[in-house]
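Down below is the structure, laid out as structure tokens.
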Number of protein chains: 2
Amino acid sequence: MTEQTPSLHTLKVSCSNCSLRELCLPVGLNREEMAQLDAVIRQSRRLKRGEYLFRSGEGFRSLYAVRTGFFKTCVSSQDGREQVTGFQMSGELMGLDGISASQHGCDAIALEDSEVCELPFNRMETLGRDIPSLQHHFFRLMSREIVRDQSVMLLLGNMKAEERLAAFLLNLSQRLAARGFAANDFILRMSREEIGSFLGLKLETVSRTLSKFQQQSWLKVDHKHIQMLQPEELKALVAGCSQANSLR
Amino acid sequence: MTEQTPSLHTLKVSCSNCSLRELCLPVGLNREEMAQLDAVIRQSRRLKRGEYLFRSGEGFRSLYAVRTGFFKTCVSSQDGREQVTGFQMSGELMGLDGISASQHGCDAIALEDSEVCELPFNRMETLGRDIPSLQHHFFRLMSREIVRDQSVMLLLGNMKAEERLAAFLLNLSQRLAARGFAANDFILRMSREEIGSFLGLKLETVSRTLSKFQQQSWLKVDHKHIQMLQPEELKALVAGCSQANSLR
DNA sequence: CGAGGAATTGACTAAGATCAAACTGTGTGG
DNA sequence: CCACACAGTTTGATCTTAGTCAATTCCTCG
């Protein structure tokens, strides 16, 4: 038997022993199904901060799951206006918008050095036919993305600057907590401008609003380091205007 | 042979002879597959103007395709702010957001007397495993919805009132044209308030902006009756700021 | 260590929201 | 069939919020 000795870099990462399994593919697969899945998912790819994972218009072949690091996805118009459509952290999926036209509909950019798993879509589709629960999981993932987008629409269409920022911070906090990080003490991976782009605000407004929250001692803001001193106050602010908290 | 004589009301509508087939399920099915599909899709349900097709929070069982008529979907926050997330016309699908949580994530309301086909989701899912092109079609549909939502985010996050309204009218026009209706002369099925809710504007702003377009003789506005006199001007207005025209 | 990008803060502006009043079809009930 | 009520719309006046422009400070990264 000539088993290849895997070098550290090409070490096959498998879903079966991935710590993100619960977040990424929470679907009851038996041992054999899991092996099939592992056979399809490509070893992880590393990206440096600022690197593009894919660009709008590029041919679509795969979905990508964040293993480590942090991404933004954004669409931009011809005249260069950019809309950040989401920020993705470990266990979250990118590229679902590419299926419809067989080409990516947005840019995905690493906001810090990151690592992703590649999920070749054709093979995942085929596998889904053999593993109903996997197929169902993909439908759910796509649906969840649609629900999230609807929350963003509600935010952009109806909420004031303070409400938007509070909702954003609370959502980040909650997602970090779900990954075992501190909920009330974290580092922003994105700039004020990127936050603004996501929230439909200008960077100055983001900055001012953060300062305002700090003055009210709801937050301690030290550049990218955020401490939520009174998360209840932020929650009270968005209590009325959010339906669920599915922003991302 | 005891063939049931179908009454007018329970007349089984079949996909195989539906005039919307190209819009709704543009997927190369053979005769037998089409028969399987017809067996799963429920006869159409009629709704009067103002009636709810489903409500946010209700159990999710089916997707719905508009056969005739016009719908809006909207999410609302606890304190009653409403965000219209889209307007649906014949051949378009509603309910995709319900898959993720097994309950509907928005309200769907008929804006005129309408008729829908019900697509029981579990059965469609099962059928998808037998008919790969059908499965693929559903992934594409969901992805298209995500792409559309991203355009709406770009609109809500970056565009001015005039640009939003122009993009909205052009999108409507294009979709009507795709259904064989006049592109430049149509009736709005929704109120100014509903347009505003969709576009993140107040009804007064929608009204003023329509008046402005009329003053420039880009439009003739007679209540709900819109005539586009100079669509090129509207196109020029949104040329820079839209990526594609996938609003809905 | 220096340069340049990111963030903060202030002053001013403008777009759209809000409030208010008047007008117009539409539809309903007498 | 007409009159009235009402919802939807238009338009004006004013106000508020967030955007724009600008100056300064402060990291961060090469």
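- Of the possible polar contacts, none joining the B:Ser197 side chain to the B:Glu193 backbone as a donor-acceptor pair under 3.5 Å is found.
- Between A:Phe60 and A:His104, the ring planes are perpendicular. Angles over 60° get that label, and only those under 30° would be called parallel.
- Between A:Phe181 and A:Phe186, the distance from one ring center to the other does not fall under 6.0 angstrom.
- Comparing D:dT11, C:dA17, D:dT9 by their closest approach to the side chain of B:Glu204 singles out D:dT11.
- Taking every side-chain heavy atom of A:Ser211 into account, C:dT9 is the closest of C:dT9, C:dT8, D:dT9.
- Within a 6.0 Å sphere centred on CZ of B:Arg179, other residues, nucleotides and ligands contribute more than 12 heavy atoms.
- B:Asp97 contributes a side-chain N or O that, together with a main-chain N or O of B:Gly105, makes up a donor-acceptor pair within less than 3.5 Å.
- Across D:dG19, D:dT9, C:dA20, the shortest atom-to-atom separation from the side chain of B:Ser191 is found for D:dT9.
- Look at A:Glu232 and A:Lys235 and you find no salt bridge, because none of the NZ, NE, NH1 or NH2 atoms lies under 4.0 Å from a carboxylate O.
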Write out a two-atom table: protein N or O, nucleotide N or O from nucleotides 11-13 of chain C, distance below 3.5 Å.
| from | atom 1 | to | atom 2 | distance (Å) |
| --- | --- | --- | --- | --- |
| C:dA11 | N6 | A:Arg208 | NH2 | 3.3 |

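- Ion pairing between a basic and an acidic side chain is recognised when a charged N comes within 4.0 Å of a carboxylate O; B:Glu92 and B:Arg144 show no such pairing.
- What separates NE2 of A:His225 from C1' of C:dA7 is a distance of 17 Å, to the nearest Å.
- Not counting sequence neighbours, the partners of A:Asn158 by the side chain to side chain donor-acceptor pair (under 3.5 Å) test are B:Gln83.
- Between A:Met190 and A:Lys160, it is A:Met190 whose nearest contact on DNA chain C lies nearer the 5' terminus.
- Contacts of A:Leu203 with the nucleic acid, taken as non-hydrogen atoms under 4.0 Å apart, include base atoms.
- Here the side chain of A:Ala161 is nearest to one of D:dA18, D:dT20, C:dA20, namely D:dA18.
- Evaluated for a salt bridge (Lys or Arg N to Asp or Glu O under 4.0 Å) with A:Glu115, the options A:Arg45, A:Arg46, A:Arg42 yield exactly one hit, A:Arg46.
- Contact annotation for B:Gly196: no contact, since no heavy-atom pair falls under 4.0 Å across all strands.
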Per-nt protein contacts along nucleotides 24-30 of chain D (heavy atom under 4.0 Å; B base, S backbone sugar-phosphate only, - none) come out as --SS-S-
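- Relative to the side chain of A:Lys224, the nucleotides C:dA7, C:dA17, D:dA18 differ in distance, and C:dA7 lies closest.
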